[in-house]
Amino acid sequence: MLPLHSHPSGRHFLQIPGPTNVPDRVLRAIDNPTIDHRGPEFGELGKAVLAGMKKVFQTESDVIIYPASGTGSWEAALVNTMSPGDKVLMAETGHFATLWKKVAERLKLRVEFQEGDWRHGADAEQIGKRLAADSGHEIKAVCVVHNETATGVVSDVAAVRKAIDDANHPALLMVDTISSLASIDYRHDEWGVDVTVAGSQKGLMLPAGLSFNAISAKALKASETAALLRSYWDWKEMLAINPSGYFPYTPATNLLYGLYEALQMLFAEGLENVFARHKRHGEATRRAVQAWGLEILCRKPEEYSPALTAVMMPAGHSADAFRKTVLTHFNMSLGQGLSKVSDKIFRIGHLGDFNDLTLCGTLSGVEMGLSKAGVPHKPGGVQAALDYLSQTSKPYPA
């Protein structure tokens with residue numbers, strides 16, 4: 001007889017800012033039998049998810065889907081548009097902006113990294129000044145993270161686009177939406193983005209395993225002369241066969257089933273309603289944090305993330321020890337601080353398949369954890385969130 005292992009009752013609260021909880025509908029879709037990826041049924045699935053992703057990116061341009069994590073979409077954006085030795089301008093907004101920088105460096109690109117304090121978004125004015133000074137147009141791309149998952153800070157992509165245009169500079173604009181797509185309003189076409197990168201495991205409510213590039217006509221033109229080596233990531237190979245719904249190599253069939261179901265859920269709720277829901281939950285979370293007397297890492301209210309909130313620990317207290325207490329006593333995972341803010345912050349994810357009661361349970365676990373771990377705070381954070389949620393609640397559509 002196999003040994004018995006203890007198992008806590010109830011579900012585990014996975015409140016990291018991704019991977020997020022996968023809805024049952026999506027799990028059941030992924031559980032469908034695998035089909036022939038060269039057969040007619042798959043062709044219809046492929047066309048449906050490609051068309052659906054255009055709606056999510058808010059673009060009429062091409063969208064490409066890779067079997068990969070978000071890191072793959074970073075690399076794909078660069079190798080399809082850049083040549084060895086090209087210079088790219090990147091904004092340091094946090095850990096993931098730094099990781100994208102490392103990918104660029106490994107590809108032998110020259111990276112100019114505009115320093116940041118991890119508490120603010122990309123500085124559009126500073127980007128504009130740098131581009132205006134680049135009279136020889138040495139900079140080939142500007143790369144910005146829309147929602148920095150490590151810090152809970154949102155950058156103003158439209159302002160960055162305006163800065164590029166005001167400088168009359170031809171650089172491509174590339175944006176990481178890995179933790180913002182399908183959670184925060186994002187407009188690939190309207191904001192003049194050339195390459196948008198994304199992943200499946202956050203707002204799209206899927207497991208990790210799919211990544212995306214949305215590409216403008218300007219980016220596609222740049223790919224014709226880009227000289228970085230590429231094979232797996234080649235847009236040309238994808239675009240040649242995608243109109244028929246197929247892929248040049250074996251696709252992640254069952255994840256595409258899940259993507260189709262997730263898209264149906266998003267469109268049934270309505271993207272505007274999805275964005276409003278995330279904003280509301282972000283506001284409720286911040287009201288709780290402020291009532292506890294704790295500090296939010298993001299300094300500017302206009303840059304607060306609707307997808308997650310990064311909370312600073314009081315001096316002398318370990319964020320990791322607090323997170324361990326919450327996991328041990330209340331079966332809830334909170335996001336850890338990464339690199340520069342390691343052990344200094346914890347992150348509350350409030351994105352994806354998420355509703356008022358999920359948030360109430362999450363904030364209750366945080367408040368109980370603060371008390372259990374002996375972290376100095378004021379009581380009443382959960383009540384502040386409850387008051388806001390009850391005052392702003394709306395009935396679910398029939």
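None of the values given here were measured: they were computed from a predicted structure. Sequence positions, counted from 1, serve as the residue numbers for this chain.
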Quiz item: In terms of heavy-atom contacts, does NZ of Lys344 have more than 12 from other residues, nucleotides or ligands at under 6.0 Å?
Solution: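 Not buried by this count: 12 neighbours or fewer within 6.0 Å.
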
Quiz prompt | Glu125 atom CD, over 12 foreign heavy atoms within 6.0 Å | solution =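 Count not over threshold, so no.
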
Would you compute the distance between atom [atom1] of [X] and atom [atom2] of [Y] and round it to the nearest 0.5 angstrom?
X: Lys101; Y: Glu92; atom1: NZ; atom2: CD; result: 8.5 Å
X: Leu206; Y: Glu261; atom1: CG; atom2: CD; result: 10.5 Å
X: Glu138; Y: Lys87; atom1: CD; atom2: NZ; result: 4.0 Å
X: Trp191; Y: Asp156; atom1: CH2; atom2: CG; result: 7.5 Å

Quiz item: Under the side chain to side chain contact (heavy atoms under 4.5 Å, CB included) criterion, do Met82 and Leu172 qualify, and how do the steps go?
Solution: CA-CA 10 Å; Met82 298 289 109; Leu172 297 172; 4.0 Å; yes

Would [X] and [Y] count as having a side-chain donor-acceptor pair, cut-off 3.5 Å?
X: His137; Y: Asp134; answer: no
X: Ser179; Y: Thr149; answer: yes
X: Ser216; Y: Asp194; answer: yes
X: Asn355; Y: His281; answer: no
X: Asp387; Y: Gln383; answer: yes
X: Trp118; Y: Glu148; answer: no
X: Ser339; Y: His95; answer: yes
X: Trp74; Y: Asp176; answer: yes

Under 3.5 Å: donor-acceptor pair, side chain of [X], backbone of [Y]:
X: His188; Y: Val193; result: yes
X: Asn80; Y: Trp233; result: yes
X: Asn213; Y: Ile215; result: no
X: Ser305; Y: Gly152; result: no
X: Arg299; Y: Arg119; result: no
X: Asp31; Y: Leu27; result: no
X: Arg110; Y: Gly85; result: yes
X: Asp189; Y: Glu60; result: yes
X: Ser342; Y: Leu338; result: no
X: Arg277; Y: Phe354; result: yes

Tell me, do [X] and [Y] make a side-chain contact under 4.5 Å, heavy atoms counted?
X: Ser200; Y: Leu259; value: no
X: Thr177; Y: Ile184; value: no
X: Met332; Y: Val366; value: yes
X: Phe346; Y: Met313; value: yes
X: Gln336; Y: Arg323; value: yes
X: Trp292; Y: Lys378; value: no
X: Ile139; Y: Asp86; value: no
X: Ile127; Y: Gln114; value: yes

In this structure, is the centre-to-centre distance between the rings of [Y] and [X] below 6.0 Å?
X: His278; Y: His350; answer: no
X: His317; Y: Phe322; answer: no
X: Tyr232; Y: Tyr249; answer: yes
X: Phe212; Y: Tyr66; answer: no

Applying the 4.5 Å side-chain criterion to the ILVMFWY set and letting contacts propagate, would [X] and [Y] be lumped into a single cluster?
X: Val153; Y: Val197; value: no
X: Met90; Y: Leu131; value: yes
X: Val79; Y: Val175; value: yes
X: Phe113; Y: Leu78; value: yes

Quiz item: Relative to Phe13, does Arg11 satisfy both conditions: NZ or CZ under 6.0 angstrom from the six-membered ring centre, and within 45 degrees of the ring's axis?
Solution: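 Arg11 over Phe13 ring: yes.
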
Practice problem: Could you walk me through whether Glu224 and Lys221 pass salt bridge (Lys or Arg N to Asp or Glu O under 4.0 Å), step by step? | Solution: CA-CA 6 Å; Glu224 295 175 3; Lys221 182 69 175 177; 3.6 Å; yes

For a quick test of reading the model, state the closest non-hydrogen atom pair linking [X] to [Y] and the distance between them.
X: Leu50; Y: Val63; result: CD2-O, 3.3 Å
X: Thr253; Y: Leu45; result: O-CD2, 4.3 Å
X: Arg25; Y: Gln264; result: NH2-CB, 4.1 Å
X: Gly203; Y: Leu351; result: N-CD1, 4.1 Å
X: Arg280; Y: Leu389; result: NH2-O, 2.8 Å
X: Gly116; Y: Lys340; result: O-NZ, 4.5 Å

Quiz item: Between Leu263 and Lys55, does a side chain to side chain contact (heavy atoms under 4.5 Å, CB included) hold up when you go through it step by step?
Solution: CA-CA 9 Å; Leu263 290 170; Lys55 292 181 182 179; over 6 Å; no

Exercise. Using a strict cut-off of less than 4.0 Å between a Lys/Arg side-chain nitrogen and an Asp/Glu carboxylate oxygen, indicate whether Glu283 and Arg286 qualify as a salt bridge.
Key: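 Yes, this pair counts.
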
Self-check item: Salt-bridge present (Glu112, Arg130; N to O < 4.0 Å)
Solution: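 Arg130 and Glu112: salt-bridged.
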
Practice problem: Go through the steps to decide whether His146 and Tyr186 satisfy the test ring-ring contact (aromatic ring centres under 6.0 Å, His included), and finish with yes or no. | Solution: CA-CA 9 Å; His146 182 218; Tyr186 182 80; 5.3 Å; yes

Quiz item: Hey, which of Ile164, Thr196, Asp165 is the one that makes side chain to side chain contact (heavy atoms under 4.5 Å, CB included) with Leu173?
Solution: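 Going through the options one by one, the only one that passes is Ile164.
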
Quiz item: For the residue pair Phe247 and Phe42, does the interplanar ring angle fall in the parallel (under 30°), tilted (30 to 60°) or perpendicular (over 60°) class?
Solution: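 Rings of Phe247 and Phe42: perpendicular, over 60°.
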
Exercise. Evaluate the side chain to side chain contact (heavy atoms under 4.5 Å, CB included) criterion for residues Leu256 and Leu210: first the C-alpha distance (whole Å), next the side-chain angles of each, then the deciding distance (0.1 Å), finally the verdict.
Key: CA-CA 8 Å; Leu256 294 177; Leu210 296 178; 4.0 Å; yes

Quiz item: Does the pair Leu334 and Leu327 meet the rule for a side chain to side chain contact (heavy atoms under 4.5 Å, CB included), with working shown?
Solution: CA-CA 8 Å; Leu334 297 170; Leu327 177 61; over 6 Å; no

